[in-house]
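One-based numbering, in listed order, for ligands and for the atoms of each. Heavy-atom basis, side chains included; hydrogens, waters and symmetry copies ignored. Bear in mind that the values here come from a model prediction, so they are computed numbers and not experimental data.
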Amino acid sequence: KRRIGVMTSGGDAPGMNGAVRAVVRMAIYRGCEAYAVYEGYEGLVQGGDLIKEMKWDDVRGYLSRGGTLIGTARCMAFMERWGRLKAAKNMIKRGIDALIICGGDGSLTGADRFRAEWPSLIRELVDTKELTPEEIEPFKHLNIVGLVGSIDNDMSGTDATIGCYSSLERICSAVDDVFDTASSHQRGFVIEVMGRHCGWLALMAAIATGADYVFIPERPPSTGWEDEMCGIISKHRSRGKRRSIVIIAEGAHDVELNKITAYQVKELLNKKLKLDTRVTILGHIQRGGQACFYDRWLSTLQGVEAVNAVLDATPETPTPVITIRENKIERSDLMETVALTKSVTAAIQAKDFDKAMQLRDVEFKE
Ligand code: F6P
């Protein structure tokens with residue numbers, strides 16, 4: 001029987017458990033054995049109890065749970081060749097030759113590198129007598145399939161990453177709550193949301209909550225934004241708004257790439273508009289909690305597709321990543337997708353914000 005490993009890596013995201021459940025059950029359904037690798041790459045390097053066979057019932061109740069029940073970790077050892085050698089040995093000893101990884105672009109890039117290195121890793125394991133030629137014989141190729149799990153929705157080539165809609169839901173609900181207290185006191189609030197270098201969460205939340213102003217990294221405000229923002233907020237106030245809400249992405253900056261902070265914006269509103277203003281940094285509350293319907297659905301369909309992709313793969317198939325485009329679950333080339341994602345960050349660094357917006361996709365079009 002084929003043995004397929006499943007792992008979650010990088011920051012947890014709602015829906016990762018749904019993906020693990022779908023992979024385990026689809027693997028069993030397709031006549032394979034499923035193994036969960038606990039604590040991300042750490043589990044692969046350490047092996048032992050951190051690699052555990054999963055039966056159908058072991059993932060019962062996973063769909064509605066937040067975080068990742070099989071754990072995740074930032075693993076320094078896997079960055080080093082000795083760590084990857086240990087990981088390869090652990091996999092071969094357990095008979096696992098395919099890995100489905102749910103994580104962000106960094107975690108998935110690491111996986112692709114592991115696959116590229118695999119032949120030299122197993123050769124070294126034989127040369128150093130860690131494994132015999134007979135032991136490595138059935139494991140000449142490593143199969144990797146990526147699932148994009150991240151609240152940031154920062155991966156190009158896919159309309160949604162597993163977790164982003166659950167996070168957005170929580171942000172909107174938190175902003176609604178802030179609205180109540182802000183209106184009561186006629187205050188201003190600057191609310192910082194996550195997203196790393198991506199403004200998707202901030203922009204979507206601003207649209208969905210009717211915020212007064214939003215800062216995102218891909219479209220920094222032009223020089224003189226201070227006056228523009230204050231002008232807009234004053235106008236809204238003169239129309240009878242009792243509260244002012246500014247949403248700021250944690251990666252926000254100005255056109256010169258100088259960071260814009262929530263506290264800086266608060267000071268401005270306090271001083272220029274004499275607006276009693278508070279800062280709310282939503283933090284990890286955006287990441288925990290139950291997966292919404294969409295993420296349960298997406299992770300299930302993508303987990304199923306990931307197992308099918310493993311079973312279809314040949315040694316020549318480039319590492320696939322499972323994406324969703326225009327509501328269709330698809331397989332894309334992982335490294336092409338990662339390269340596209342990196343080009344957005346590069347465009348921002350080069351201050352080519354039009355290109356950054358264009359590369360980010362349809363939702364950001366003005
Ligand atoms: O990538 C997900 C994310 O939550 C980002 O939005 C945020 O910048 C980062 O992870 C926070 O990471 P940590 O939990 O390690 O502080």
Side-chain angles (χ1 to χ4, degrees), residues 7-19 39-42 66-76 78-79 101-111 146-175 190-206 208 214-218 247-253 257 259-263 279-292 294-295 298-299 321 334 337-338 340-342 344-345 348-349 356 360 363-364:
M7 177 204 293
T8 53
S9 177
D12 59 278
M16 281 185 163
N17 294 320
E39 319 303 347
Y41 287 110
E42 193 67 45
T68 163
L69 291 163
I70 63 170
T72 178
R74 301 201 193 287
C75 175
M76 296 320 281
F78 195 76
M79 309 265 187
I101 295 149
C102 184
D105 60 343
S107 306
L108 299 181
T109 306
L147 290 171
V148 198
S150 167
I151 62 163
D152 301 337
N153 202 12
D154 55 350
M155 189 75 139
S156 300
T158 188
D159 295 344
T161 55
I162 293 170
C164 72
Y165 280 108
S166 304
S167 179
L168 185 57
E169 196 69 50
R170 291 176 82 74
I171 294 170
C172 289
S173 149
V175 174
V190 185
I191 304 178
E192 185 192 286
V193 306
M194 282 186 170
R196 220 178 281 264
H197 308 296
C198 182
W200 188 85
L201 284 172
L203 183 58
M204 295 302 128
V214 64
F215 291 91
I216 58 169
E218 296 83 349
I247 295 189
I248 180 163
E250 63 179 352
H253 49 74
L257 305 182
K259 189 164 174 54
I260 302 177
T261 69
Y263 290 98
V279 167
T280 300
I281 308 224
L282 291 183
H284 287 76
I285 205 152
Q286 299 160 84
R287 222 162 77 183
Q290 282 199 333
C292 65
Y294 185 85
D295 284 324
L298 182 68
S299 57
V321 60
L334 172 66
T337 310
V338 168
L340 208 58
T341 306
K342 291 210 164 95
V344 184
T345 322
I348 293 175
Q349 287 309 316
R360 268 292 185 229
E363 288 109 325
F364 277 5

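Using a 4.0 Å cut-off between heavy atoms, Gln286 makes no contact with ligand 1 at all. Within the 4.0 Å heavy-atom criterion, neither part of His197 lies near ligand 1.
Not a single heavy atom of Gly104 sits less than 4.0 Å from an atom of ligand 1.
Heavy-atom minimum distance, Val338 versus Thr109: CG1-OG1, 3.5 Å.
Considering CG of Leu108 and SG of Cys102, their distance stands at 8.0 Å, rounded to 0.5 Å. To the nearest 0.5 angstrom, Ser156 atom OG is 6.0 Å from Arg360 atom CZ.
Note: Tyr41 and Phe78 have parallel aromatic rings, judged against thresholds of 30 and 60 degrees for the angle between ring planes.
Protein heavy atom in closest approach to atom 2 (C) of ligand 1: Asp152 OD2, 3.4 Å. The protein heavy-atom contact nearest to atom 15 (O) of ligand 1 is Arg74 NH2, 2.8 Å. Atom 12 (O) of ligand 1 has as its closest protein heavy atom Arg287 NH1, 3.5 Å. At the top of the distance list for atom 9 (C) of ligand 1, counting protein heavy atoms only, stands Arg196 NH2, 3.5 Å.
Side-chain N/O atoms of Ser166 and Asp295 include a donor and acceptor closer than 3.5 Å.
In summary, the atoms of ligand 1 found under 4.0 Å from a heavy atom of Glu250, numbered by their order in the structure, are 5 (C), 6 (O), 7 (C), 8 (O). Residue-ligand proximity, His284 to ligand 1, at heavy-atom distances under 4.0 Å covers atoms 13 (P), 14 (O), 16 (O).
A donor-acceptor pair under 3.5 Å links the side-chain atoms of Asn17 to the main chain of Leu69, judged by distance alone. The closest donor-acceptor contact from the side chain of Thr8 to the backbone of Gly71 lies under 3.5 Å.
Residue contacts with ligand 1: Ile151 is placed with no nitrogen or oxygen under 3.5 Å of a nitrogen or oxygen of the ligand (distance criterion only).
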